[in-house]
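To start, the structure itself, in structure tokens.
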Amino acid sequence: MSDGNRFKERYKTGDTPWDIGKPDFNLIETVAKTPIKSCRALEIGCGTGYNSIWLAQKHFQVTGSDISEVAIERARENALKENVECKFLVADFIRNRIKGGPFGFVFDRGCFHSFGSNKERKKFAENVAACLGKAGLWVSIIGSADDRSQGPGPPQRTAGDIVAAVEPYFEILSLTASYFGSNRTNPPRCWVCLMRKRSGA
């Protein structure tokens, strides 16, 4: 089963431990501390939309994309409940160009890290760069290989994995050790990577 079909199936069955019913605190802190000013924003792998909704509440003009039709349907329902305007699209980010750009800010939580090879992750980074305008920013929350916990959890990547994939297209502004916003007692560790698009990328 392909990664895309696996995610679709997990949304259908409700096996979605990453869906915590609220925005990830790492996004909130990064937007506040950087700071990242409101602009046209894209969330890749938006799931049920909580991060996109939070950005919209902070006056970003938000497009959220996900490969799962079920996730996008729930994201639209959640945005309606919160009375915020977001555009949600069903799309495979690797294969489909997302309309609505260029964006000033791109966010993904656990999408970049889901690709197993450096070639795939580099293609993902190239596509992010293509979506962004000049000096656009990308924040990615990535499972950390420094987390030695066993059992189910997010894919784990090293700092070297991240640098190798993104460096041709992005300048890494910060790479911070953190943990995922989670409903678990012991949340998985992650990297929070803030990047700026290189000129000419």
Side-chain angles (χ1 to χ4, degrees), residues 3-101 103-114 124 127-128 131-132 137-143 152-155 178-185 187-188 190 192 194:
D3 286 343
N5 286 333
R6 189 174 74 249
F7 280 115
K8 288 179 181 179
E9 190 61 29
R10 291 185 72 173
Y11 271 107
K12 286 178 182 176
T13 61
D15 180 20
T16 54
W18 58 83
D19 186 3
I20 60 174
K22 59 187 175 184
D24 193 295
F25 77 93
N26 292 292
L27 169 64
I28 296 169
E29 289 184 359
T30 305
V31 168
K33 287 179 181 177
T34 305
I36 300 171
K37 295 181 180 179
S38 59
C39 61
R40 194 174 292 154
L42 170 65
E43 184 184 7
I44 305 161
C46 67
T48 54
Y50 290 100
N51 294 299
S52 290
I53 290 166
W54 181 83
L55 286 168
Q57 289 169 334
K58 297 301 174 183
H59 309 295
F60 287 78
Q61 298 82 55
V62 185
T63 298
S65 72
D66 201 282
I67 200 165
S68 166
E69 296 90 345
V70 172
I72 290 296
E73 183 179 326
R74 291 177 187 165
R76 289 171 178 155
E77 291 171 357
N78 289 332
L80 192 61
K81 286 177 190 173
E82 295 294 330
N83 195 30
V84 297
E85 189 175 336
C86 294
K87 184 186 294 182
F88 289 112
L89 306 171
V90 177
D92 180 335
F93 183 70
I94 293 296
R95 294 180 175 86
N96 305 134
R97 190 68 178 265
I98 306 297
K99 296 178 180 179
F103 299 95
F105 176 55
V106 169
F107 174 69
D108 87 278
R109 177 181 181 268
C111 198
F112 168 80
H113 77 196
S114 67
F124 187 95
N127 285 6
V128 173
C131 286
L132 283 166
L137 296 174
W138 172 24
V139 171
S140 185
I141 303 180
I142 303 158
S178 183
Y179 57 91
F180 282 94
S182 176
N183 295 324
R184 290 161 59 173
T185 306
C190 70
V192 180
L194 170 64

### Message
Ignoring hydrogens, what is the shortest heavy-atom contact between C86 and F88? Give both atom names and the distance.
### Response
CB-CE1, 3.5 Å

### Query
Quick one: CD1 on I67 to SG on C46, what's the gap to the nearest 0.5 Å?
12.0 Å

### Message
Nearest 0.5 angstrom please: F107 CZ to S52 OG, how far?
### Response
9.0 Å

### Task
Evaluate the side-chain proximity of V128 to F112: yes if any heavy-atom separation is below 4.5 Å, no if none is.
no

### Query
Should the pair H113 and F180 be assigned to parallel (<30°), tilted (30 to 60°) or perpendicular (>60°) ring geometry?
perpendicular

### Task
Only counting residues at least two apart or in another chain, list the ones meeting side-chain hydrogen bond (donor to acceptor under 3.5 Å, both in side chains) with S140.
D108

### Query
Can you check side chain to side chain contact (heavy atoms under 4.5 Å, CB included) on I36 and F60, steps first, answer last?
CA-CA 10 Å; I36 300 171; F60 287 78; 4.1 Å; yes

### Task
Grab the two heavy atoms, one from G181 and one from R109, that are nearest each other, plus how far apart they are.
O-NH2, 2.7 Å

### Query
Who are the side-chain hydrogen bond (donor to acceptor under 3.5 Å, both in side chains) partners of S178, not counting sequence neighbours?
N26

### Pairwise distance SG(C111) to CD1(I142) - rounded to 0.5 angstrom
11.0 Å

### Task
Would you sort out whether L55 and F105 count as a side chain to side chain contact (heavy atoms under 4.5 Å, CB included), showing the intermediate values?
CA-CA 10 Å; L55 286 168; F105 176 55; 4.0 Å; yes

## Note on the structure
Residue set satisfying side-chain hydrogen bond (donor to acceptor under 3.5 Å, both in side chains) with R97, at least two apart, ordered chain then number -> none

### Check against side chain to side chain contact (heavy atoms under 4.5 Å, CB included), W54 and V84
CA-CA 9 Å; W54 181 83; V84 297; over 6 Å; no

### Message
Under a 3.5 Å distance rule, please check whether D66 uses its side chain to pair with a backbone N or O of G47 as donor and acceptor.
### Response
yes

### Message
Rounded at 0.5 Å granularity, tell me how far CG in N96 sits from CG in L89.
### Response
10.0 Å

### Message
Does the plane of the ring in Y179 sit parallel, tilted or perpendicular to the ring in F25? Use 30° and 60° as the thresholds.
### Response
tilted

### Summary
One should read off an interatomic distance between C131 SG and W138 CH2, to the nearest 0.5 angstrom, of 10.5 Å

### L42 side, atom CG; K87 side, atom NZ - distance, nearest 0.5 Å
11.0 Å

### Message
Tell me if a side-chain donor or acceptor on N127 pairs with a main-chain N or O of F93 at a distance below 3.5 Å.
### Response
yes

### Query
Can any side-chain N or O of N51 pair as donor or acceptor with the backbone N or O of D24 at less than 3.5 Å?
yes

### Message
Could you check whether atom CD of E85 has more than 12 heavy atoms from other residues, nucleotides or ligands sitting under 6.0 Å from it?
### Response
no

### Task
Assess whether side chain to side chain contact (heavy atoms under 4.5 Å, CB included) is satisfied between L27 and V31, documenting all intermediate values.
CA-CA 6 Å; L27 169 64; V31 168; 3.8 Å; yes

